[in-house]
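One structure is given here, and the rest of the page talks about it.
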Amino acid sequence: MRNKIYQRWIWMMVMIFAFQVVKSQTQPEIKGIWRGAFPLYNGEEIPFNFSVQEDSTGELSVYFLNGNESYFGGKLVKVKDSIQVWINQFDRLMVLGITKEKRWKGSWRRQSGEDAFPIYAEPNNQERFIWNNNNAPANMAGKYEVVFTNDSGRQVKAVGLFTQDKNTGGVTFIRPSGDSRYSFGRIQGNHFKFSLFIGYSPLMFTGSLEPDGSIKGVQQGLKTVQLIRAYKNESARLSDPSTLTKLRENIAPIQFSLLNAKGKKISLDDSAYFNKPVILTIGGTWCPNCADEAIFLSDWYKNNKQRGIEIITAQFEVVNDYNYAKKTMTRFREKFGIEYEQVFGGESNGNSVLKTFPFLSNFTGFPTTIFIRPDRTVQNIHAGFAGPATGLFYQQFKDSFNHHVNKLLLKTHEDEIEDWKRARVRALKATDGWLNLEGLFWLEEGKNTVGSGAKNTIVFPKLKISEQAGYFLRKEDSVWLVPDANTAFTINGKRITKKTLIFSNPEDMVMVSSGSLQFNIIKRSEKIGIRLRDLQSRNLTHFKGIDYFSTDSTWKIKAQFIKPAFKQNIIIKNALGQENPTELAGKIRFEYKGSFYTLDAISEGEYLLVVMGDHTSGNSTYAAGRFLYIPKSAAEKVDFHIDFNMAYNPPCVFTPFATCPIPPPQNLLPFAVTAGEKMYEHH
């Protein structure tokens, strides 16, 4: 009996050991370098390499390899009997079936499942091109003048940069729309094979060096084939990229209003762009050159935004759907650390670009960069982007970019004030400006009816909306809109017909429209209310401009910004007599006619706000004083000046639906500041 028990124990241990051996054999080693390939219809293949690496948290990531470049593709996850690589930047998914075989099969497709192509891959394989030709490689390195010809006969000129290290090498082609980035492959005798893949649009370049030193070849993708003809020319260059994309005549100032990923409409009239030059880039998250441009712009903006310049990128996506673009733009922002605005332009084609930006007469390709002056005229349009793979061409792009930026920022004092005046008027007349404001209504807990009828809890302007339009439902910090069937409410152009959440997080603003009316929910401490605008407001249509004192450079005065030694508050009263303790950001000290004066400043985002009065208050200027906004970055410079030519009227001058602060006693200057805005005539 004891013998049988012992034998059973031995048998169980053998089975457990055997199971563990089988288990270890069926778990393939995924980490390391792989060789992948896209099979083509003609029996060829476009090969690529990628490495799978494990980070400190144990997660696996894929990096696509092209020569010396290692490009992050995405996270790798095991799902049942397959591995998946989520290439979020390009909204792609690479799936490979786990197998004991040398070759793993799978597909590369959109994350939604469409546009799929077969692929296969082999782990532990660093080869690129499997090529038995062992002839000594010819020397192909250098710069070439290139012509690409597609199957319809259309030709595009380019510059080719061939690199070589013995029998390995690569090529970067620079076209007017941008460069082909890094490729890598082999050279055998007079023949070459190079390929590139970073998660989007694999390409292969094959060809030969002819006896006359020219190159004949083919560019092959998954759907297209182009012939290559190249002639060595160290002076080869493309047309000036500033001459390719043109403006329509008599289109000034230029304007647009597009949604960002948070559902907010972004316009050049917004306060964030007040009196600033703007760099508008036209790209797409699917575009490899646009990704290279984003790497450059993201770093550049962080180092230069304090100079008073802004960037907006209009993304045109492969799917003409805002929710899709919201996802891709958010991923793009996170990957490249973008701090400037991204907006959705439409579908990724030239016709869509011209529809969104009708001030353009033609469009060359993605990306395109437009340099816009503060008066919203265009200084320059740069078509394409020569990235890091192009060497000297990349440096030339950076030099040109900074040259145009410097020109945008270079202006006389009078130019600055004129730009500021134009920007000031645009901001007042903008969708989010003060002239169209028609109401501010605080919501009670529970049901709040809305319409033009007097019996409603919230009464909107007559003739602008139906008498009974529905109701707002407030539950603590959340607000729903429940529309009546006879009233057309829309969000982002889409009509809402049922109970819809329109507020829960102050950062995620939702703008609701009905005819010419627009409103959004605001939160002030415990209060939640509706800020109503009318885009056809009488204040807006009858606005005749602002009167100013003559620009006088003597009112631009050398000053010193002094931060407080410890945290302290000052009392700011408003027109209703309410007192608001507000943290002091610092004091601005300046000299005027031999005497020194100081003005207390409070903080508003990236700006200092000075609420001031002087001996013109109540006479030629608004009785309750004027404002000065000063960029914090400017105040901290050694050569800081306070410019009273930019003193302007507070918003309550233009609308009864704003409650403005009045100057604290220490900000009442004992002399007349005859600079800046005068009294608004309609107040």
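Since this is a predicted model, take the numbers as computed values, not measurements. Residues: numbered from 1 along the sequence shown.
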side-chain hydrogen bond (donor to acceptor under 3.5 Å, both in side chains): pairs with one or both residues in residues 34-49, sequence neighbours excluded
R35-E45, E45-Y120, N49-R128

Would you say the ring centroid of Y144 lies under 6.0 angstrom from that of Y231?
no

Using 30° and 60° as the class limits, which term best fits the ring planes of W286 and F366: parallel, tilted or perpendicular?
perpendicular

Would you say that more than 12 heavy atoms from the other residues, nucleotides or ligands in this model lie under 6.0 Å from the CG of N406, or not?
yes

Does the side chain of I30 reach to within under 4.5 Å of the side chain of P123, using non-hydrogen atoms?
no

Can E339 and K305 be said to form a salt bridge (charged side-chain N to carboxylate O under 4.0 Å, His left out), step by step?
CA-CA 10 Å; E339 295 180 0; K305 62 182 177 180; 3.0 Å; yes

Salt bridge or not for E145 and K232, using N-O below 4.0 Å?
no

Do you see a donor-acceptor pair shorter than 3.5 Å between the side chains of E317 and S348?
no

For E249, is the CD atom crowded, meaning more than 12 foreign heavy atoms sit under 6.0 Å from it?
no

Does atom CD of E606 have more than 12 heavy-atom neighbours, drawn from other residues, nucleotides or ligands, at distances under 6.0 Å?
no

Sub-4.5 Å side-chain heavy-atom contact between V146 and I228:
yes

Ionic contact status for K264 with D432, cut-off 4.0 Å:
no

Which atom names give the shortest non-hydrogen contact between L244 and P176, and what distance separates them?
CD1-CB, 3.9 Å

Parallel, tilted or perpendicular, as decided by the 30° and 60° cut-offs, for the rings of F332 and F336:
perpendicular

Does NZ belonging to K265 count more than 12 external heavy atoms closer than 6.0 Å?
no

Residues in side-chain hydrogen bond (donor to acceptor under 3.5 Å, both in side chains) contact with K335, at least two apart in sequence or another chain:
Q89

Closest approach of Q255 and S267, non-hydrogen atoms and distance?
OE1-OG, 3.2 Å

Kindly check if the number of other-residue, nucleotide or ligand heavy atoms within 6.0 Å of NZ (K398) is above 12?
yes

Given R376, R422, R426, K276, the one that forms salt bridge (charged side-chain N to carboxylate O under 4.0 Å, His left out) with D269
R426

Assess the pair Y63 and F72: is the distance between their ring centroids shorter than 6.0 Å?
yes

Between Q220 and T206, do the side chains contain an N or O donor and an N or O acceptor separated by less than 3.5 Å?
no

Run the ring-centre check on F148 versus F173 and record whether the distance is less than 6.0 Å.
yes

Could you note down all residue pairs passing side-chain hydrogen bond (donor to acceptor under 3.5 Å, both in side chains) where residues 383-396 supplies at least one of them, sequence neighbours left out?
Q395-D399

Do the ring planes of F117 and W108 sit parallel (below 30°), tilted (30 to 60°) or perpendicular (above 60°)?
tilted

Between Q111 and N88, is any side-chain donor less than 3.5 angstrom from a side-chain acceptor?
yes

Kindly say whether the aromatic ring centers of F256 and F359 come within a distance under 6.0 Å.
no

Ring pair (Phe, Tyr, Trp, His ring centres under 6.0 Å) assessment of F344 paired with F316:
CA-CA 6 Å; F344 176 46; F316 289 79; 7.6 Å; no

Answer yes or no: is there a side-chain heavy-atom contact under 4.5 Å between I309 and V278?
no

Taking atom NZ of K75 as the centre, does the number of heavy atoms from other residues, nucleotides or ligands within less than 6.0 Å exceed 12?
yes

Tell me the side-chain hydrogen bond (donor to acceptor under 3.5 Å, both in side chains) pairs involving residues 350-366, sequence neighbours left out?
T245-T364

We want to know whether E210 and S208 form a side-chain donor-acceptor pair, criterion being a heavy-atom distance below 3.5 angstrom.
yes

Verify the distance criterion only: is there a donor paired with an acceptor across the side chains of E293 and T369 at less than 3.5 Å?
yes

Atom CZ in R373, atom NZ in K407: separation rounded to 0.5 Å?
7.5 Å

Determine whether the side chains of R109 and S107 contain a donor N or O and an acceptor N or O closer than 3.5 Å.
yes

Could you work out, with salt bridge (charged side-chain N to carboxylate O under 4.0 Å, His left out) as the rule, every residue matching E341, not counting sequence neighbours?
none

Taking the inter-plane angle between the rings of F38 and F48 on a 0 to 90° scale, is it parallel (under 30°), tilted (30 to 60°) or perpendicular (over 60°)?
tilted

Using distance alone, with no hydrogens and no angle criterion, decide if R181 and T172 have a side-chain donor and acceptor under 3.5 Å apart.
no

By salt bridge (charged side-chain N to carboxylate O under 4.0 Å, His left out), E127 pairs with (sequence neighbours left out) none

H382 and F371 aromatic centres sub-6.0 Å
no

For residues Q315 and T285, is any side-chain donor paired with an opposing acceptor at under 3.5 Å?
no

Are F192 and F194 near enough that their ring centres are under 6.0 Å apart?
yes

How long is the straight-line distance from NE2 of H404 back to CD of Q379, given to the nearest 0.5 Å?
6.0 Å

